[in-house]
Amino acid sequence: MQFFFEVLIGGLLSGIMYSLVALGFVLIFKASGVFNFAQGAMVYLAALSVVGCMEKGAPIWLAVILAFLVMVVFGVLTERIVLRRMVNQSPISLFMATIGLAFFVQGAAPLLWGNQPRGLDIGLVDEPIPYILDTFGIVVSRFDLAAAGIAAALVLVLALFFQYTRVGRALRAVADDHQAAMSIGIPLQHIWVMVWGVAGFVALVAGMLWGARNGVQFALTFAALKALPVLILGGFTSVPGAIVGGLIIGASEKLAEIYLPPLMQGVLEGNFGGIEGWFPYVLALVFLLVRPEGLFGEKHIDRV
Amino acid sequence: MFYRETGQFKTSYGADQQIFPIRQDRIGVGLVLAVAFLVVPALAGEYWFNAILTPFLIFALAALGLNILTGYAGQLSLGSAAFMAVGAYAAYNFQLRVEGIPILVSFICAGLTAAGVGILFGLPSLRIKGFYLAVATLAAQFFIVWCLTKFPWLSNNSSSGVISTPTVKILGYVFDGARDKYLLVLAIVSVMALMAKNMVRSKTGRSWMAVRDMDVAAEVIGIPLLRTKLLAFAVSSFYCGVAGALYAFCYLGSVEPDGFSLDLSFHILFMIIIGGVGSILGSFLGAAFILLLPILLDVLLPELSSLLHLQLQGSTVSHIQTMVFGALIMFFLVVEPHGLARLWQIAKEKLRLWPFPH
């Protein structure tokens with residue numbers, strides 16, 4: 001039972017990392033209706049920018065600020081060069097354009113900052129917390145817990161930003177209805193730049209946490225793919241959905257990885273490791289059959 | 001002047017229903033086929049067959065399959081490589097386990113197996129669409145590749161799922177040279193391309209397009225959604241499956257599940273975006289473009305760097321390739337969303353008047 005809880009908690013905490021990536025997707029999708037496949041690549045770019053600046057001798061706070069600037073410039077350029085010219089095209093075309101964007105970033109980022117895997121030290125260590133280990137006998141990583149705290153703080157800040165600032169209110173208005181927002185004088189294109197900036201910031205936080213945990217390397221972009229089933233579970237337009245979805249995906253994939261192979265080996269011969277690789281997607285697929293709009297998504301009604 | 005349909009009167013229903021109703025098109029297609037079957041084998045060398053022509057035809061077939069699903073029926077799929085894998089492994093197993101099965105029959109069975117798997121993963125398409133469906137097809141991509149790696153029966157107990165295909169033999173004739181394999185692939189691909197060309201203008205193809213343009217409206221005018229969508233998944237997976245079998249038997253000779261990665265799926269998707277979504281010709285143009293581009297960059301980049309006196313590492317070239325791919329996708333989607341096939345269409349319209357535009 002202790003082992004079960006250890007796996008569960010480990011899964012929940014790693015799920016938070018997925019949530020962080022999914023959060024960036026949700027922000028952009030809400031504000032512009034663009035399903036941004038490049039969010040994973042943005043996480044990679046952000047992490048590489050931080051590491052790259054630090055290699056050039058910048059202290060970490062400066063590196064973070066510079067990386068944030070890189071992400072903002074990236075957002076502005078994307079909006080100017082690609083998205084603005086694709087107004088009125090079908091959402092699927094926009095989605096495919098962001099796949100192109102993802103490839104572009106995956107090629108450009110290592111050209112800019114070098115492609116060798118590097119560690120990122122942000123002052124957190126990945127070791128069990130002694131107090132919890134002694135009392136309950138469960139290993140809970142200090143790093144994971146801190147990451148969860150950072151994620152919670154980020155969601156809180158975003159919620160406050162959306163609820164109480166002028167820009168945040170404008171963002172919500174745009175998310176609600178593009179035309180109505182434009183008719184009351186909200187400049188749509190500024191808002192899109194802004195939202196890409198915010199998504200860049202979320203990618204930066206996610207990239208630093210992922211990078212500090214697993215090293216800054218190309219595999220980051222694959223890990224970020226796991227944010228897609230998270231989105232499906234949570235619904236594309238819901239911030240709490242991204243968090244809850246991440247927790248569910250993280251916990252279930254770790255539990256499946258531990259408990260499914262022995263079950264399967266009872267029936268069939270063979271070695272069944274690596275279930276983690278597909279389980280979230282299949283879970284999301286099964287879930288879609290029951291609730292196509294996700295846990296917290298809006299129900300979509302088609303009209304002819 | 002040279003490309004005009006004026007004066008070509010159709011006097012029978014048969015003439016009205018031809019796949020290529022315009023005489024110039026018929027001559028053109030005939031010429032292309034003649035060149036591909038007769039001239040190319042006489043001129044091209046081993047390298048051309050192995051590195052360019054055979055993979056081009058195979059990828060064009062896979063792109064054709066994806067184009068049927070995404071371009072005609074409007075269901076975005078990110079799992080085409082997985083269906084290719086199903087085809088490759090199914091053909092291998094049919095050859096291995098069914099005594100004396102002709103290789104062409106096992107290719108067809110491989111396609112049918114892929115179609116069955118495609119229907120299974122297409123089932124959710126009735127309830128979900130768009131991005132949600134794209135993510136659902138990712139499930140197929142990861143799950144199928146995992147299955148092929150982990151179930152040793154599927155790869156005849158070889159380590160990490162690598163299979164080596166037997167020699168291709170039809171009616172006692174052994175296809176072992178690069179030229180023979182090219183001709184076999186060419187024959188299969190031309191037949192299937194003609195079938196696809198015919199299919200997309202039939203009732204089936206028209207109902208796919210109706211579903212693509214708006215599925216609720218299609219349902220209202222009496223198109224059975226479930227059957228139409230599943231048929232699109234089945235036909236598309238059949239094409240991808242046969243392409244996968246050819247990929248294993250006639251191109252690589254030995255394949256592993258990890259070769260059919262998400263990256264391959266994306267490349268096939270890029271082929272149809274660049275070639276033209278919803279166009280048979282586009283699948284071929286896109287496949288040629290995506291296949292030739294890396295070769296071109298491989299040749300050009302070192303020359304360019306020596307011209308500018310820059311040191312170029314191997315990884316840099318691959319990064320630039322990825323970047324160029326991404327940039328081209330965005331460029332085409334922004335500038336010419338209908339792809340290279342659209343350029344050909346514009347050229348045809350110009351040819352109609354040329355050289356006397358007034």
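Within every chain, numbering begins at 1; the chains are lettered A, B, ... in the order of the sequence lines, protein sequences first and strands thereafter. Not measured: the values here are computed from a predicted model.
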Could you check, using the six-membered ring where one of them is a Trp, whether B:Phe270 and A:Phe103 have ring centers closer than 6.0 angstrom?
yes
For B:Phe59 together with B:His267, are the ring centres under 6.0 Å from each other?
no
Tell me, for B:Leu328 versus chain A, whether the close heavy atoms (under 4.5 Å) come from the side chain, the backbone, both or neither.
neither
With respect to chain A, which residue among B:Val334, B:Leu133, B:Val324, B:Leu123 yields the maximal number of heavy-atom pairs within a distance under 4.5 Å?
B:Val334
Residue A:Phe29 versus chain B: region with a heavy atom under 4.5 Å:
side chain
Can you tell me which portion of B:Leu262 sits under 4.5 Å from chain A's heavy atoms? Options are side chain, backbone, both or neither.
side chain
Which portion of B:Pro124 sits near chain A, non-hydrogen atoms under 4.5 angstrom
both
Chain B contacts, top residue of A:Val282, A:Leu288, A:Leu231 (heavy-atom pairs, under 4.5 Å)
A:Leu288
Please tell me whether A:Tyr281 and A:Glu253 have a donor and an acceptor in their side chains that are separated by less than 3.5 angstrom.
no
Determine whether A:Phe25 and A:Val21 make a side-chain contact, defined as any pair of heavy atoms from C-beta on separated by less than 4.5 Å.
yes
Looking at chain B, which one of A:Pro110, A:Ser93, A:Gly277 has the largest number of heavy-atom pairs inside 4.5 Å, strictly under?
A:Pro110
Under 30°, 30 to 60°, or over 60°: which ring-plane class applies to B:Phe143 and B:Trp146, parallel, tilted or perpendicular?
parallel
Largest heavy-atom contact set with chain B, pairs under 4.5 Å, which of A:Ile275, A:Leu225, A:Val105
A:Ile275
Taking B:Phe121, B:Phe266, B:Phe331 one by one, which has the highest count of heavy-atom pairs under 4.5 Å against chain A?
B:Phe266
Of the backbone (N, CA, C, O) and the side chain (C-beta and beyond), which part of A:Ala97 lies under 4.5 Å from a heavy atom of chain B, both, or neither?
both
Would A:Arg84 pass as a cation-pi partner of A:Trp192, given that its NZ or CZ must be under 6.0 Å from the six-membered ring centre and within 45 degrees of the axis?
no
Chain A contact via B:Phe332 - which portion, at a heavy-atom distance below 4.5 Å
neither
Over 12 foreign heavy atoms within 6.0 Å of CZ, B:Arg227
no
Against chain A, label B:Leu333 side chain, backbone, both or neither, depending on which of its atoms sit under 4.5 Å from a heavy atom there.
both
Check whether A:Met86 gets within reach of chain B through its side chain, its backbone, both or neither, counting any heavy atom under 4.5 Å.
side chain
Taking side chain as everything from C-beta outward and backbone as N, CA, C, O, which of these in B:Ala134 sits under 4.5 Å from a heavy atom of chain A? Side chain, backbone, both or neither.
side chain
Parallel, tilted or perpendicular: which fits the ring planes of A:Phe95 and A:Phe37, with parallel below 30° and perpendicular above 60°?
perpendicular
Test side-chain contact (heavy atoms from CB on, under 4.5 Å), reference B:Val86, set B:Leu148, B:Ile144, B:Val145, B:Leu154, output is B:Ile144
